[in-house]
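Sharing a structure with you now.
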Amino acid sequence: MNALICPVCQKSKLVIYLNKDNRYNYRCKCSVNFFFKEDPPALHSLLIAKIDTHGLFCSKRLIFFVNALTQQLEIICDTCDYFSCL
């Protein structure tokens with residue numbers, strides 16, 4: 001698998017660290033910093049699945065952001081009100 005591109009800025013590659021509690025910390029030079037319990041291939045697969053699911057009923061682009069309270073990646077669509085957190 002190639003390097004993961006940051007879903008928020010969609011420009012830079014994510015830098016990935018494995019924490020002591022076996023959670024992955026994903027960071028980007030755009031200041032994005034989020035945690036995900038699974039490895040990069042699992043995150044990539046989940047992101048593709050979320051994008052594909054949304055694309056079944058809406059043609060607009062999803063917005064990715066990090067919830068400041070939970071440090072989790074979240075996804076929203078301003079057009080159809082799709083929402084998901086990872």
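If you read the sequence from its start, that first residue is 1, and numbering goes on from there. Just so you know, these numbers use all the heavy atoms, side chains as well, and skip hydrogens, waters and symmetry mates.
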Within-4.5 Å side-chain heavy-atom neighbours: L47 and F64: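 Yes, close enough: below the 4.5 Å cut-off.
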Check: L86 and L43 side chains under 4.5 Å, non-hydrogen atoms: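 A side-chain contact under 4.5 Å exists here.
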H44 and E38: CA distance, side-chain angles, deciding distance, side chain to side chain contact (heavy atoms under 4.5 Å, CB included) verdict: CA-CA 10 Å; H44 180 260; E38 296 185 44; over 6 Å; no
Where N67 and E74 come nearest, the two heavy atoms and their spacing: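 Looks like ND2-OE2, 3.0 Å.
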Contacts of R27 that satisfy salt bridge (charged side-chain N to carboxylate O under 4.0 Å, His left out) - sequence neighbours left out: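 Applying salt bridge (charged side-chain N to carboxylate O under 4.0 Å, His left out) to R27 gives none.
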Atom of Y24, atom of P40 and distance for their closest heavy-atom approach: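 Heavy atoms of Y24 and P40 come nearest at CE2-CD, 4.1 Å.
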Nearest non-hydrogen partners of L62 and K50, listed with the distance: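 L62 and K50 have their closest heavy atoms at CD1-O, 4.3 Å.
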No-hydrogen, no-angle side-chain donor-acceptor test under 3.5 Å, Q71 and R23: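 No.
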For the student: nearest non-hydrogen atoms of H54 and K60, plus distance: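 Residues H54 and K60, closest heavy atoms: CE1-O, 3.0 Å.
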Minimum side-chain heavy-atom gap S12-C30 below 4.5 Å: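 In short, these two side chains do not touch, never coming nearer than 4.5 Å.
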Test item: L46 and F36 side chains (from C-beta on) under 4.5 Å apart, heavy atoms: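 When only atoms from C-beta onward are counted, F36 and L46 do touch, with a gap below 4.5 Å.
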Atom pair SG/CZ of C85 and F34 - distance to nearest 0.5 Å: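 Rounded to the nearest 0.5 Å, the SG-CZ separation comes out at 13.0 Å.
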Student check: side-chain heavy atoms of I75 and Y82 closer than 4.5 Å: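 I75 vs Y82: side chains touch.
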Common cluster, L18/L73, ILVMFWY with side-chain heavy-atom separation under 4.5 Å: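 Yes: a chain of side-chain contacts under 4.5 Å links L18 to L73.
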K13 and C6, any side-chain heavy atoms less than 4.5 Å apart: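 No, side chains not in contact.
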Option from L14, N33, I16, V15 for which side chain to side chain contact (heavy atoms under 4.5 Å, CB included) with N25 holds: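 Result: among L14, N33, I16, V15, N33 is the only option passing the side chain to side chain contact (heavy atoms under 4.5 Å, CB included) with N25.
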C28 side chain reached by K11 side chain, heavy atoms, under 4.5 Å: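 In short, these two side chains do not touch, never coming nearer than 4.5 Å.
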Hphob cluster co-occupancy, F57 + I51, side-chain heavy atoms under 4.5 angstrom: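 Shared cluster, yes.
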Within-4.5 Å side-chain heavy-atom neighbours: F35 and N19: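 Touching, per the 4.5 Å side-chain cut-off.
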Where Y26 and L4 come nearest, the two heavy atoms and their spacing: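 Distance-wise, the nearest heavy atoms are CE2-CD1, 4.0 Å.
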